[in-house]
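What follows is a short report on a single structure.
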There are 2 protein chains.
Amino acid sequence: MNLKQLSEKLGLSPTTVSRAINGYPEVSETTRMRILAAAKEYNYSPSARAKSLATGRSMTIGHVIPTSGATEMVNPIFGDFIAGAGETYAAAGYDMMLSTVHRENELHAYRDLAARCAVDGVIVHAPRLNDPRVDLLRELELPFVFHGRAPIEDKSYSWLDINNTRAFERATKLLCDLGHRNIALINGDETMDFALRRRRGFVNAMEAAGQDIRPDWLAAGEMTESFGFETASRMLDLPEPPTAFLVSSIIMAIGARRAIAAKGLRMGREVSVVTHDDEISYLKNGDTEPVFTATRSSVREAGRRTAELLLGQIADPMADTVQELWECDLTLGASTGPATELART
Amino acid sequence: MNLKQLSEKLGLSPTTVSRAINGYPEVSETTRMRILAAAKEYNYSPSARAKSLATGRSMTIGHVIPTSGATEMVNPIFGDFIAGAGETYAAAGYDMMLSTVHRENELHAYRDLAARCAVDGVIVHAPRLNDPRVDLLRELELPFVFHGRAPIEDKSYSWLDINNTRAFERATKLLCDLGHRNIALINGDETMDFALRRRRGFVNAMEAAGQDIRPDWLAAGEMTESFGFETASRMLDLPEPPTAFLVSSIIMAIGARRAIAAKGLRMGREVSVVTHDDEISYLKNGDTEPVFTATRSSVREAGRRTAELLLGQIADPMADTVQELWECDLTLGASTGPATELART
DNA sequence: ACAGGCATCCAAAGCGCTTTGAATCCAGCT
DNA sequence: AGCTGGATTCAAAGCGCTTTGGATGCCTGT
């Protein structure tokens, strides 16, 4: 069933039917009702392809998902971010288009989306150091919003980010205040902007507290459970092991917990752990008391809001760029406690 | 830059340029080369919208992702499945379109995709008992492949599934062979087809071994870490606690491990755990020795293959439907051992 | 010299919609 | 009666591509 057939059935012109469906005022209420009823009866919806060709807007938002590392890992926060963004799109009548792509083909993927007029805008994931995507997307004149920031601090593009530096400063200070002096950082891949900021927050707070930062106690890598386990295991085997871990993702923290348990130590007693918690739906940080003391921010909420910012920008391309910096909660859980001497025995 | 402009620049007709780009033979090699060079220079790609309107194919595959439960959880295996499917799509020149949708709106989402001609086919996720989607999609004449099976056993639709029943039979038998008599099942939501089959496998093997199935030792719910923790905790508190857990997802198994540790028990010693492992990229089941004894099948590989089946079906709608049933590995890890009396003390 | 055949190329129609500009109708007013 | 103007409706152009059905030119063989 297409527009022409429907209009013939109704004895009206395609023009009128189209206007009725799209809510234009130049059609009487009675015929509008008649048209909408018929559309429903025959389950008619305008063809998205024809519509977007005619209007010049595809009503589709693109997400280019970089798969990283040898394992081509998909970031675990991704599902929840998408779910949040999807709510916004659904409410606004937009579709969501995904491309998963190896990092080296990423720029080509954006170029391609733009050249094919496949999307009206994109959300940019996982900004990194010297991220070339800001310039590229500007050149392509494709509306975009970053989830996270490229390290460039100018106001010339829109982004939504959490205050990674502050969150990790506060978390580090908490550990210092609990008397910990041997604090390790298990960070995400430090070519990524968020990881750099978290490290900076950690370093700031350690220096403020007059504490040593030992290279042995710094690690960065893939945000997998294995990496958390292996890194924590290795550090706990050091002659002078850390008494506390600051961890960049709850998945790595679960690995760290496994390492701690394997050494016969108790998390929250001999060893403390603070992690960042994205509030991933299947990895809730406990139901009553949080399992981990954590810096917390909902990535799903971020998805919803980032999508809103992008749709706003598409609706009014002349509007100013928008920057939103969200503070994280610092929630106390069972994984932290005062420093003890036990871990060194 | 559009086709017309490019063809004017080249002094050729749009027809010829189009044919050159789409690889038709009626254009000389020299002009084809010239055209392709110009297309590259001006970064021209045919508009996807116009192309799909003209060809009648959208070159897009839809995935309708149901969010489940009060938390609107996104299944954690989803990211890896999508990554696998995405590889297939990219290689074949297809795009991927996602809608996340509440379960009650799911049928409407499919209807809408079909009516708007937005996709050439869909992959159906998370089949359930009495799944209405088989009939609906047939009625809509939209090509589809199920990831998993609807319980209907006919050959009239295509699916790719793992042999859940067999996997859980074997896993259960392993635990029985290790001397366990108190075996608990922590299953996924039993309105889902896969969970029903796993339960059936468990029951089959228990009956074959002449063992009791105690309602106390059966649980089904959301595949979250919390659910695994709470369920295992509750069961371990029973007057007669299980000595082994068969768990439907590695995330729940991580929760169960936490519960076991919290009771001062050791996984693989006092309590055994076997889990299903989808080989999620960020939750690798250990690097050297597997942490968990597990029934294993790569969900990413499944995504890749399911997408292939769908594209095949789109390419030849008259071809027979295809069913693929994959067997799981049963890999031994550190989480299982012989039954002891310790757990009951 | 001419028909036939092949290799190239092109004009125009059409995909299903939106949207411009115009037509039609029917009060309401002078 | 005649004019104006608002309320409806419509015909037709156009979005950027593919594809049908020629057209053109060139080479062959007779």
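Numbered from 1 within each chain, the chains take letters A, B, ... in sequence-line order.
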Original post:
Should the pair A:Asp95-B:Arg116 be classified as a salt bridge under the 4.0 Å nitrogen-to-oxygen rule?
Top reply: yes

Original post:
Would you call B:Arg149 and B:Asp161 a salt bridge, using N to O less than 4.0 angstrom?
Top reply: yes

Original post:
Could you give the CZ-to-C1' distance, from A:Arg34 to D:dT9, as a whole number of Å?
Top reply: 12 Å

**OP:** Considering only NZ, NE, NH1 and NH2 on the basic side and carboxylate oxygens on the acidic side, decide whether A:Glu308 and A:Arg305 come within less than 4.0 Å.
**Re:** yes

**OP:** Could you identify which residues of residues 8-19 of chain A place a heavy atom less than 4.0 Å from some atom of DNA chain D, listed by residue number, or say none?
**Re:** A:Gly11, A:Leu12, A:Ser13, A:Thr15, A:Thr16, A:Arg19

**OP:** Ignoring backbone atoms, establish whether B:Tyr24 has a side-chain N or O less than 4.0 Å from OP1 or OP2 of C:dT8.
**Re:** no

Subject >> Rounded interatomic separation in angstrom, taking NZ from A:Lys4 and C1' from D:dA13 >> reply: 15 Å

Subject >> Distance in angstrom units between B:Lys51 NZ and D:dC17 C1', rounded >> reply: 9 Å

Subject >> Heavy-atom side-chain contact between A:Ser99 and B:Met96 under 4.5 Å >> reply: no

Original post:
With a 4.5 Å limit on heavy-atom distance, are the side chains of A:Tyr94 and A:Thr60 in contact?
Top reply: no

**OP:** For residues A:Val145 and A:Leu309, report the shortest heavy-atom separation together with the two atoms involved.
**Re:** CG2-C, 4.1 Å

**OP:** Check every atom of C:dC9, D:dT9, C:dC15 against the side chain of A:Thr31 and return the nucleotide holding the closest atom.
**Re:** D:dT9

Original post:
So, is A:Asn22 near the phosphate of C:dT18, with a side-chain N or O under 4.0 Å from OP1 or OP2?
Top reply: yes

Original post:
Want to settle it: does B:Glu26 or B:Tyr44 sit nearer the 5' end of DNA chain D, counting the closest nucleotide to each?
Top reply: B:Tyr44

Original post:
Counting only side-chain N and O atoms of A:Ser47, is one of them less than 4.0 Å from OP1 or OP2 of C:dC15?
Top reply: no

Original post:
Over how many whole Å does the gap from A:Leu3 atom CG to D:dA11 atom P extend?
Top reply: 13 Å

Subject >> For atom CD of B:Glu29 and atom C1' of C:dT8, their distance in whole Å >> reply: 13 Å

**OP:** Could you check which of C:dC9, C:dT19, C:dG16 has an atom nearest any side-chain atom of A:Ala50?
**Re:** C:dG16

**OP:** Taking only the side-chain nitrogens and oxygens of A:Thr55, find out if one of them lies under 4.0 Å from OP1 or OP2 of D:dC15.
**Re:** no

Original post:
In whole Å, what is the span from the CD atom of B:Gln5 to the P atom of D:dC15?
Top reply: 10 Å

**OP:** Using a strict cut-off of less than 4.0 Å between a Lys/Arg side-chain nitrogen and an Asp/Glu carboxylate oxygen, indicate whether B:Glu26 and B:Arg32 qualify as a salt bridge.
**Re:** no

Original post:
Taking atom P of D:dC17 as reference, at what distance in whole Å does atom CG of A:Leu53 sit?
Top reply: 9 Å

Subject >> Spacing between A:Arg49 atom CZ and D:dT18 atom C1', to the nearest angstrom >> reply: 13 Å

Original post:
Across the strands shown, which category fits B:Ser52 at heavy-atom distances under 4.0 angstrom: base, sugar-phosphate, nothing?
Top reply: nothing

